[in-house]
Amino acid sequence: MYKAASLGLLRSTPLRSSPSSLFKPLASSRISASLVGSRSVAFVRPLGVLSGSLRYSCGSDRRSSSGSVRALIGEKPAVVDRFERKFATMAAENPFKGILTSLPKPGGGEFGKYFSLPALNDPRIDKLPYSIRILLESAIRNCDNFQVTKNDVEKIIDWENSAPKLVEIPFKPARVLLQDFTGVPAVVDLACMRDAMNKLGSDSNKINPLVPVDLVIDHSVQVDVAKSENAVQANMELEFKRNKERFAFLKWGSTAFRNMLVVPPGSGIVHQVNLEYLGRVVFNTEGLLYPDSVVGTDSHTTMIDGLGVAGWGVGGIEAEAAMLGQPMSMVLPGVVGFKLNGKLKNGVTATDLVLTVTQMLRKHGVVGKFVEFYGEGMGELSLADRATIANMSPEYGATMGFFPVDHVTLQYLKLTGRSDETVSMIESYLRANKMFVDYNEPQAERVYSSYLELDLASVEPCISGPKRPHDRVPLKEMKADWHACLDNKVGFKGFAVPKEVQDKVVKFDFDGQQAEIKHGSVVIAAITSCTNTSNPSVMLGAGLVAKKATELGLQVKPWIKTSLAPGSGVVTKYLLQSGLQDYLNKQGFNIVGYGCTTCIGNSGDLHESVGAAISENDIVASAVLSGNRNFEGRVHPLTRANYLASPPLVVAYALAGTVDIDFETEPIGVGKDGKNVYLRDIWPSSEEIAETVQSSVLPDMFKSTYEAITKGNPMWNNLTVPATSLYKWDSESTYIHEPPYFKGMTMSPPGPHGVKDAYCLLNFGDSITTDHISPAGSIHKDSPAARYLMERGVDRKDFNSYGSRRGNDEVMARGTFANIRLVNKLLNGEVGPKTVHIPTGEKLYVFDAAMKYKTEGHNTIVLAGAEYGSGSSRDWAAKGPMLLGVKAVIAKSFERIHRSNLVGMGIIPLCFKQGEDADSLGLTGHERYSINLPTNISDIRPGQDVTVTTDNGKSFTCTVRFDTEVELAYFNHGGILPFVIRNLASSQN
């Protein structure tokens, strides 16, 4: 069902004053959509307010003949017939206009009108999960019997029966959320698409966001300076020095593209800003009310689910299409009902809870599903606790971890500065449309696909690691688990350290004083990440631990790199208000900046003496961070063990100096009175924390913080950018480079491609993450990317990170598969970013081998195990392999977003049959592979089987993972962006 082909048919028309204009098909959010509560951002050009609303143009504006439609879509008769019918005439009115209902204000007048779900009088709706009701409302509101049909609406209403059949539905999110690492390539692609439109003789200004786009710059700040009162300023100056060109490019984008809001560096972490400020919960657009929903180019976009806003991560290329009005094609998900009972025990944190939930859901299996939380325990969780759980949806594998709006949500909205009228409107709308949960009333029974239950009182203090977020370790078992990891063979829970060297102590000189480290020594302790810094209870809890430790005379060792990176300026305000920031400073946890920092690998350098002690003695050093990802090689190249912990535990482990400790029986240190100090001596009670939160977290803090970010900062405000609609590419730039995606593009789609006699570029096992495929961290001095930069006069000290150079395809292609911890079976146990060039047997960097294959005219494929592409949503993990010439990936299973991204870049994702993999089939990676796909798109079906053959006579069957008809259309066009461009170029203004 190629619903998306009407992309080019959206345009602005004069606003009619007649109320009947409300009955027309509506985009999920119009260009003039305003921020709820009249919050606008003054440091970029205001949201483009047009004199018209988005409408579908009349049939006379489209002169698409049968032939041109076939050229666009391919030769699938049923699909072409549908397009020919729908291109000929467009439904003028929403077929559900009869349920458009007025929402009265309590004091008279009306808030606006809305599409009423109760007015459908369908008893099936009352049983729907709340998360599915949001999809239903969107389908009803956007129903035009073209992009969204009445049949799509019926599928959602009949969710209980249709979801198990994995039916496809369209979804139009209300807005799109970006951060700068993914935002830069998105804006680069939009700029490049404008150029492509020009070259095809069409109007480049058709490339403009049609829904609000919010971009928060938070991924660039690094912890260069720590343990210093001026760390924030020093790190921001270095951030601007490194990224001035990128930041100027984003500022250009905010003026060149309509409807794009850019929040400047130093403001906070995107998901916390979204939670505290950008989240609308309910839109009121020109008198039409509808639920907020968002897709974001960061997998932790799910944090907003804690606020009752449906949001999840998508690839950058999917987000770009959504910006341009393309309906998202998705499989109607199953929903796991997760019932919470009871109350957390004294001293147990939200971080302990989320790590427990993550492990439970990972075991249950929730990939591709929504998880919806309910039950009496909901009343015991603050909004921040809920957001912590929602944030880690990617770690437990769900598309969403959804918390429906209730009284706790409304209280949070008031706390964070949303106006009383806005909150009243949100509550009135959600109650009227049966999307509000009132736990004071009897609860109607809802149907879920499966059920889980957790007694909150059963949650224990814990951490996760050393290499995966779902490898939870109860705190009381940590010492034993650590020693098991030292003994175990190399793997997710093993380092294979020989027994005789496990107790080795390395002494070294640190700035003139004697220092020592051993296996398990903590060298990085970071309070970081959106997961936890948005939660006042754990942040103030960390401050209380620091206070008690300081008062007892404990001190963090000076060679441990400590840092605190809040998710917004509000955190700083309440830490100062409580007086606890002083104690954090005394333990080295000075604020270093407002951004993701250590959680995404921007941990900065370790002291040279510490790094040398680790490297020269092969020490398994540890990092402890309050983050959400701890894959090997992500946090820092020298920390092989990385543990996720609550902020209070981060402080505790920093004080202990090692993860090799049993906190119940062993002291953290010796106090100034000469007595042993245990964790229990410095751990605050839940009541202490609650009292501190109550007295320190105030509504005015949120108001003043977000009023301030609208003014920007001097470094941002001083950036000058050209006022042009087309970007002037600089061929000498090593940050922003015109990508080659559309070179030689014509209006005719290239059609599907099989694979003939391809070599295996890489042969992987399980759990290859996007960090392995496209690292975001530092650029190794000997890597192909480093060679490229040095050839262009860039000093090593100015390399910056891969993440910061995502606007340059030349760097990113060279950075593909450049992770220093890459395990490639072709190398027979050697770890690193290299592979074997099969024809010659040469061992080369992956990029060099790929270019050699391309020069020789050979295609390549990748073999992989389970969970290929897990981790952060990262479009370069698909763009990079495409530029290397990879035509297909054959894996046991794929992470949801990454599989979609591969399709979006024209790479074929294939899954081995159940119970089979490369090893069981006897594949070594030294074979040549042919994948027999039909040459006509009409002969390919979603999820069909294909045969793969090798040059040594092997043959096996795989499932081709094009999951929807729309994905087949993308493949036919060579990817989603060429598909969008051809649709736009073929439509009239």
Side-chain angles (χ1 to χ4, degrees), residues 344-345 347-363 385 388-389 391-392 395-396 458-486 488 492-495 519-529 531-533 535 537-539 541-542 545 556 560 562-563 589 598-599 603 620-632 634-636 639-666 668 678-680 682-684:
L344 292 174
K345 289 185 294 194
V348 175
T349 67
T351 315
D352 302 321
L353 172 59
V354 72
L355 295 178
T356 303
V357 167
T358 297
Q359 188 180 49
M360 286 180 66
L361 286 169
R362 193 86 184 187
K363 184 178 179 182
D385 292 344
T388 300
I389 296 170
N391 176 282
M392 286 190 72
E395 281 66 48
Y396 45 81
S458 69
V459 177
E460 298 179 288
C462 57
I463 63 176
S464 280
K467 301 181 186 182
R468 295 189 300 187
H470 55 279
D471 289 333
R472 187 182 69 91
V473 186
L475 207 57
K476 62 187 179 185
E477 298 172 16
M478 180 57 198
K479 187 178 180 74
D481 191 83
W482 171 251
H483 283 276
C485 287
L486 290 178
N488 294 343
F492 297 121
K493 294 287 289 186
F495 298 105
H519 296 300
S521 287
V522 174
V523 295
I524 292 176
I527 300 174
T528 178
S529 164
T531 306
N532 286 294
T533 67
N535 194 325
S537 65
V538 291
M539 295 301 287
V545 170
V556 175
I560 298 174
T562 46
S563 62
F589 289 94
T598 305
C599 188
S603 46
V620 182
S622 297
V624 182
L625 64 152
S626 63
N628 47 51
R629 296 272 165 80
N630 56 342
F631 305 124
E632 191 172 12
R634 178 186 176 99
V635 174
H636 192 282
T639 57
R640 286 155 64 189
N642 302 280
Y643 286 94
L644 306 181
S646 67
L649 275 178
V650 171
V651 178
Y653 273 109
L655 289 161
T658 181
V659 296
D660 185 8
I661 183 173
D662 181 346
F663 278 133
E664 286 192 11
T665 62
E666 296 179 80
I668 284 179
Y678 294 84
L679 180 63
R680 56 183 172 269
I682 60 173
W683 199 258

Roughly how far, to the nearest 0.5 Å, is the [atom2] atom of [Y] from the [atom1] atom of [X]?
X: Ser622; Y: Asn630; atom1: OG; atom2: CG; result: 11.5 Å
X: Asp352; Y: Leu475; atom1: CG; atom2: CG; result: 8.0 Å
X: Gln359; Y: Cys462; atom1: CD; atom2: SG; result: 8.0 Å
X: Ile389; Y: Thr351; atom1: CD1; atom2: OG1; result: 10.5 Å
X: Thr665; Y: Leu679; atom1: OG1; atom2: CG; result: 11.5 Å

Check: [Y] main-chain N/O paired with [X] side-chain donor or acceptor under 3.5 Å:
X: Arg472; Y: Ile463; value: no
X: Lys467; Y: Gly494; value: yes
X: Trp683; Y: Val545; value: no
X: Ser603; Y: Val635; value: yes
X: Asp481; Y: Val473; value: no

With the threshold set at 4.0 Å, does a side-chain nitrogen-carboxylate oxygen contact exist between [X] and [Y]?
X: Glu664; Y: Lys476; value: no
X: Glu632; Y: Arg468; value: no
X: Arg629; Y: Glu395; value: yes

Name the one of Ser646, Ser563, Pro647, Pro648 that satisfies side-chain contact (heavy atoms from CB on, under 4.5 Å) with Ile527? Pro647
Which heavy atom of [X] sits nearest a heavy atom of [Y], and at what distance?
X: Ser529; Y: Gly627; answer: CB-CA, 3.4 Å
X: Val620; Y: Ala641; answer: CG1-CB, 4.2 Å
X: Ala654; Y: Ile560; answer: O-CD1, 3.4 Å
X: Leu649; Y: Ala645; answer: CB-CB, 3.9 Å

Are any of the side-chain heavy atoms of [X] and [Y] separated by less than 4.5 Å?
X: Thr528; Y: Thr533; result: no
X: Phe589; Y: Val650; result: yes
X: Thr531; Y: Met392; result: yes
X: Pro466; Y: Arg640; result: no
X: Val538; Y: Thr388; result: no
X: Ile524; Y: Val624; result: no
X: His470; Y: Phe492; result: no
X: Tyr396; Y: Pro469; result: no

Which pairs pass ring pair (Phe, Tyr, Trp, His ring centres under 6.0 Å) with one or both residues in residues 645-664, sequence neighbours excluded?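 Checked against ring pair (Phe, Tyr, Trp, His ring centres under 6.0 Å) - neighbours excluded - the pairs reaching residues 645-664 are Tyr653-Phe663.
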Is a side-chain donor-acceptor pair under 3.5 Å present for Asp471 with Ser464?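 Result is no, nothing qualifies.
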Going through the checks in order, is the salt bridge (Lys or Arg N to Asp or Glu O under 4.0 Å) test met by Lys345 and Glu460? CA-CA 8 Å; Lys345 289 185 294 194; Glu460 298 179 288; 5.6 Å; no
Test log, rule side-chain hydrogen bond (donor to acceptor under 3.5 Å, both in side chains), inputs Asp660 and Thr658: CA-CA 5 Å; Asp660 185 8; Thr658 181; 5.1 Å; no
Please report the C-alpha distance between Thr639 and Asn642 in whole Å, then the side-chain angles of each, then the deciding distance to 0.1 Å, and finally whether the side-chain hydrogen bond (donor to acceptor under 3.5 Å, both in side chains) criterion is met. CA-CA 7 Å; Thr639 57; Asn642 302 280; 2.8 Å; yes
Evaluation steps, side-chain contact (heavy atoms from CB on, under 4.5 Å), between Met478 and Val659: CA-CA 8 Å; Met478 180 57 198; Val659 296; 3.9 Å; yes
side-chain contact (heavy atoms from CB on, under 4.5 Å) between His519 and Phe495, intermediate numbers included: CA-CA 10 Å; His519 296 300; Phe495 298 105; over 6 Å; no
For a side-chain contact (heavy atoms from CB on, under 4.5 Å) check, start with the C-alpha distance between Asp385 and Leu353, then their side-chain angles and the critical distance, and finish with the verdict. CA-CA 9 Å; Asp385 292 344; Leu353 172 59; 5.5 Å; no
Against the six-membered ring of Tyr678, is Arg680 placed for a cation-pi contact (under 6.0 Å from the centre, within 45° of the normal)? yes
Run the side-chain contact (heavy atoms from CB on, under 4.5 Å) check on Asn628 and Asn391 step by step: do they pass? CA-CA 8 Å; Asn628 47 51; Asn391 176 282; 3.5 Å; yes
Tell me, please, which residues at least two apart from Lys363 pass salt bridge (charged side-chain N to carboxylate O under 4.0 Å, His left out).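 Checked Lys363 against salt bridge (charged side-chain N to carboxylate O under 4.0 Å, His left out); zero matches.
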